[in-house]
Structure formats: structure tokens, C-alpha cells
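Taking it in order: structure first as C-alpha cells, then the write-up.
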Amino acid sequence: MTAIRPHRVQAAPLTELVAGLVLSGGNDAEVWIDDITLDSRDVTAGTLWVALPGVSSHGAEFSEAALASGVAAILTDEDGAGILHDVEVPVLVSDHPRRDMGLIAARVFGNPAEKLTVMGVTGTNGKTTTVALLESALAATGMRVGTIGTIGFRLGGDELPSARSTVTTPESPDLQALLAVMRERGADAAALEISSHAMVLERATGMVCDVAGFLNLGMDHLDFHGDQEKYFEAKASLFTPDHARAAVCWVDDLHGARIAERARSAGLHVVTVGTGDDVDARLSRWEPVPPLGGRAMLCLHGWDMPVEIALPGLHNMIDAVMALVMADAVGFPTQQTLAGLRDAQVPGRMQLVDLGEGAPSVIVDFAHTPQAVAASLDALTQSFDHVITVLGCGGDRDREKRPRMGAAAAKYSHLLVVTDDNPRTEEPGSIRAAMLAGTGQSKGEVVEVAGRGSAIEHALSRASAGSVVAILGKGHERGQQVGRNILDFDDAVEARRAWSRNTEGRPG
């Protein structure tokens with residue numbers, strides 16, 4: 001399966017596509033371009049191939065495949081130009097190839113963001129939920145909505161199959177092509193997750209959001225950014241005129257208050273959301289609605305309106321009101337968007353797994369930061385008297401958060417089962433040990449069970465009809481990375497299998 005591309009792309013001369021960009025190299029031969037890609041395997045005649053440095057090699061080293069497929073021209077950096085010195089197609093050299101790639105990609109696909117209402121969401125936790133809630137809210141107004149994020153691509157409620165990883169925000173050629181596909185298939189609006197990686201790597205360049213929303217900033221991705229302030233700056237860079245026309249910021253998080261001030265100074269229309277008296281949209285009177293729902297009041301434009309959702313926890317209510325206010329900021333009618341939120345569900349986010357009558361409740365959730373773990377489990381304690389948690393941490397990622405995740409899970413769990421997530425190339429036992437190091441103050445029981453499937457089965461064997469088993473960390477994922485291999489693994493499926501095994505032979 002190749003990358004998603006629109007059926008109709010109007011080929012354009014390369015000189016037109018790069019007009020105004022500071023590039024060197026090339027030659028006098030005019031070529032026409034109808035596609036742009038980073039992947040040499042996706043090159044066809046008429047493609048502008050972008051060769052960038054990677055972790056262990058430079059993309060230019062794969063030019064043989066691109067040339068054999070009839071590549072029309074190549075965009076690269078100075079190092080790539082040295083590798084490509086003897087090729088017979090135009091080679092354009094940029095000091096900022098990722099930025100230029102995004103700008104060119106938007107032009108290749110007809111600047112699709114300009115033909116859609118584009119709503120971008122960033123934050124450590126809650127991006128996927130907020131985008132899904134935006135989809136439901138806008139659909140209730142009659143809009144045909146496309147979504148882009150960690151759990152995949154959707155249009156009008158249907159999945160758009162693609163050959164992709166779980167990268168939150170696609171590289172700019174694929175992102176621009178995807179927006180073009182959505183517009184080609186009748187989309188009116190697009191809601192997408194915009195990660196900090198995407199901002200650093202210029203994936204969102206060439207697209208201006210009609211409104212961008214900031215949710216929160218927790219501890220994550222420090223292995224990539226280096227420290228918390230650089231992580232913040234990556235998020236904050238979305239809220240500039242190059243990337244957004246309006247900003248909606250949750251300002252109970254002090255990082256959100258900083259971003260709101262910056263965005264206002266940059267000339268963006270800013271709407272603040274929070275629980276204080278000095279905000280533009282005020283959330284109050286949140287309360288749980290057992291078993292897995294919530295209600296609150298939102299004061300917007302001086303009017304109090306009740307908000308009801310079918311997701312538990314204050315954090316999900318915050319995501320819901322952020323979706324409402326973002327929709328309001330670009331002119332969608334609030335009474336209709338409110339109705340769209342009421343029964344909205346999000347795959348892998350507080351997802352209820354039905355095991356049948358007399359079984360414990362099982363929740364699958366993507367929570368994989370200390371803040372998200374605490375928020376999810378705190379929400380469940382509002383409705384359940386006995387909470388069992390299954391949690392692991394990913395390998396080859398931020399090590400500092402592991403004991404904090406263990407501590408957060410232990411604080412809210414009557415039984416915490418520490419196990420594996422995606423160990424990748426690390427020794428799973430060492431990851432579990434780091435998590436266990438944070439559980440010393442636990443008032444409940446903490447056990448270590450190697451193997452995620454075994455851990456889920458152990459948790460269910462200890463559960464009763466009144467328990468909730470929270471399986472955290474992987475959510476919607478349908479694979480587990482062990483070493484370099486991706487193994488089939490779905491938390492919801494494993495829970496059903498484990499319950500079936502646990503109940504075999506029990507009296508009916």
C-alpha cells in the first residue's frame with residue numbers, strides 16, 4: 001500500500017513551485033512536477049524527491065532507486081548535493097530543506113488547507129480525544145470532517161487506509177496530499193493533531209490553521225527535545241501567524257497562559273479557557289456521571305450552557321470544552337456542536353471493553369505520561385471502589401518519566417500490575433524496575449508480571465464484578481514492538497481472550 005494521494009493533481013513547472021525560495025543548484029532544463037515525496041520507493045515520473053539526512057544514513061544514498069523510477073528533480077541539503085553530484089536530473093540545494101519541502105508540497109497539491117476549515121490541536125495529553133470530539137461536534141452541524149492523528153486518518157466517520165506508522169503528524173508531503181484527498185472527497189473541515197516533533201521537523205509548514213488549540217504541557221519526549229523549555233518552545237511555535245489565525249488556550253496550565261500572551265502579541269485572535277473568573281470561556285461545576293460520563297457548565301459569550309459527555313474524568317471534560325470553544329472560534333453554532341459531543345467515543349481513549357454479564361469493567365486507554373495516568377485513574381476512582389491497573393513504559397524513550405508513571409499508577413490503584421509496553425530494544429526487566437522504583441509509597445498492592453498478555457490475565461483473575469481493570473499505555477495500538485519486530489497485540493482483544501480463559505470451567 002502506497003502513500004495516500006489525490007486522484008487529480010495539476011502538474012506545474014518546477015520553477016513555479018519553487019518561486020521565492022532561496023535555492024541553489026538545478027539546471028536550465030524545465031521539468032513538470034505532480035508529486036513530492038521523501039520515500040524513494042514512492043517515486044514515479046513527475047516526482048520531486050526530497051533527500052534528507054537520517055539517523056544512520058543520508059537519503060541521497062538511495063538515489064539509485066529514485067532515478068530508476070524516473071524522478072523528475074531532487075531537493076536536498078549541501079551534504080546530499082555532494083552525494084548526488086553526478087546525477088542527470090536537476091538537484092536543488094536548500095539550507096532549510098524541511099521548511100522548503102513543506103512550502104513546495106502545499107503548492108504541488110493546490111494549497112488544500114486554504115479550501116478547508118483547519119483546526120489544529122497540540123498538547124502533551126488529550127490531542128487525540130480533542131480531535132475526535134471536534135469530529136463529532138462538527139459532524140452534528142452537517143460538516144463533512146476529516147481527521148488526522150495518532151489513531152489514523154478518517155473522513156466522514158470512515159477510516160482512510162494507508163501505509164503509515166503511529167506518527168502523530170505526517171511528513172509535509174503526505175500531510176498536504178492527505179488534505180488534498182479530503183478536499184477532493186468532499187471534506188469541509190479538517191481537525192488534526194500537531195505534535196512537538198511536527199513543529200521541530202517543519203511538518204506543518206505550508207498550512208495555516210484557522211484555529212489552533214493548546215491543551216497542556218506535561219513530561220514527555222525529553223529524549224527528543226532535551227529539556228522541558230525546548231519542549232514548550234516547540235509547542236508554542238504553532239501559535240504564530242505562519243501557522244495559525246486564532247488560538248484557544250487552556251490557561252489553568254501556566255504554559256497555556258504563556259502561549260496565550262505570546263499569541264495575542266503576535267496578532268492572533270485569542271480565546272482563553274479555564275476555571276478562573278478572568279477567562280473568556282469558563283468551565284465550572286464538573287461532576288462525574290457514573291459509570292463513565294460527566295457533566296459541567298460552560299460560560300461562553302456570557303451564556304451558561306450545560307455540557308454532557310460519555311467520557312469520564314475532568315480531563316476529558318476539558319478536552320470537550322476546548323473542542324466546543326475551538327468550533328465556536330471559527331463560527332460553528334454551539335447548540336449543534338454541544339449535541340454532537342453528548343455520545344462521542346474515542347477509540348483507545350477510555351474505551352470500554354464489554355466482557356459480558358457479571359464480568360469486571362475493563363477500560364483501555366492510551367495514557368502514557370505521569371499526568372495522563374493520574375488523570376485517567378483519578379477519573380475511574382470517581383465511579384469504582386476497586387481499581388486494578390495494568391501499566392508498562394516504552395523502551396528507547398524518556399527514562400525519567402518511568403518512576404513517575406509508576407508512582408502515579410500506584411497512588412490510585414488498589415492493585416497495580418507492572419508489566420511491559422513496547423520494550424523496543426531495551427531489556428524489559430530494566431524498564432519495569434525503573435517503574436517499580438517509583439511505587440514505594442503505594443498504599444495498595446504492587447506486583448510485577450513479565451509479558452503484557454500475562455499481566456492482563458493476572459489482573460482479570462484478581463478482579464470481581466465490581467472492579468474496573470484499567471489497561472493503560474497502548475490504547476488503540478494493534479502491535480507491540482519487541483526488539484526490531486512488531487508483534488500482533490491489541491489490549492482489548494487480549495482482555496477478551498484472558499477473560500475467556502479465566503472463566504473456563506467456572507460454574508455458570
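Only heavy atoms go into these numbers, but all of them, side chains included; no hydrogens, no water, no symmetry mates. These numbers were taken from a predicted model, which means no experiment stands behind them.
Looking at Arg98 and Glu171, a side-chain N of the basic residue comes within less than 4.0 Å of a carboxylate O on the acidic one, giving a salt bridge. Looking at Glu159 and Arg154, no side-chain N of the basic residue comes within less than 4.0 Å of a carboxylate O on the acidic one, giving no salt bridge. Classification of Lys230 and Glu233 as a salt-bridged pair fails, no side-chain N sitting under 4.0 Å from a carboxylate O.
For the 3.5 Å distance criterion, the side chains of Asn422 and Glu477 qualify, holding a donor opposite an acceptor. Using modelled atom types, one finds no donor on one side chain facing an acceptor on the other under 3.5 Å when comparing Thr168 with Ser195. One side chain, Asp77 or His58, offers a donor N or O that lies under 3.5 Å from an acceptor on the other. For the residue pair Ser376 and Tyr412, no side-chain donor N or O sits within less than 3.5 Å of a side-chain acceptor on the partner. Neither side chain, Ser461 nor Asn502, offers a donor N or O lying under 3.5 Å from an acceptor on the other. Looking at Thr37 and Thr47, their side chains never bring a donor and an acceptor atom within 3.5 Å of each other. Using modelled atom types, one finds a donor on one side chain and an acceptor on the other under 3.5 Å when comparing Arg349 with His476. A donor-acceptor pair shorter than 3.5 Å cannot be found between the side chains of Thr122 and Glu193. Neither side chain, Thr439 nor Ser442, offers a donor N or O lying under 3.5 Å from an acceptor on the other.
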Could you go through the side-chain contact (heavy atoms from CB on, under 4.5 Å) check for Asp490 and Lys474 one step at a time? CA-CA 8 Å; Asp490 183 316; Lys474 289 175 60 61; over 6 Å; no

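Remark: Arg258 is positioned above the aromatic ring of Phe232, its terminal NZ or CZ atom under 6.0 angstrom from the ring centre and at most 45 degrees off the axis.
Rounding to the nearest 0.5 Å places CZ of Arg462 at 5.0 Å from CG of Leu415.
The number of heavy atoms from other shown groups lying within 6.0 Å of CD (Glu78) does not exceed 12.
Panel note: side chain Asn216, backbone Thr124; a donor-acceptor pair is recorded below 3.5 Å.
Between His368 and Phe366, the distance separating the two ring centers is shorter than 6.0 angstrom.
For Ala498 against Ile456, the heavy-atom pair with the smallest separation is CB-CG2, 4.3 Å.
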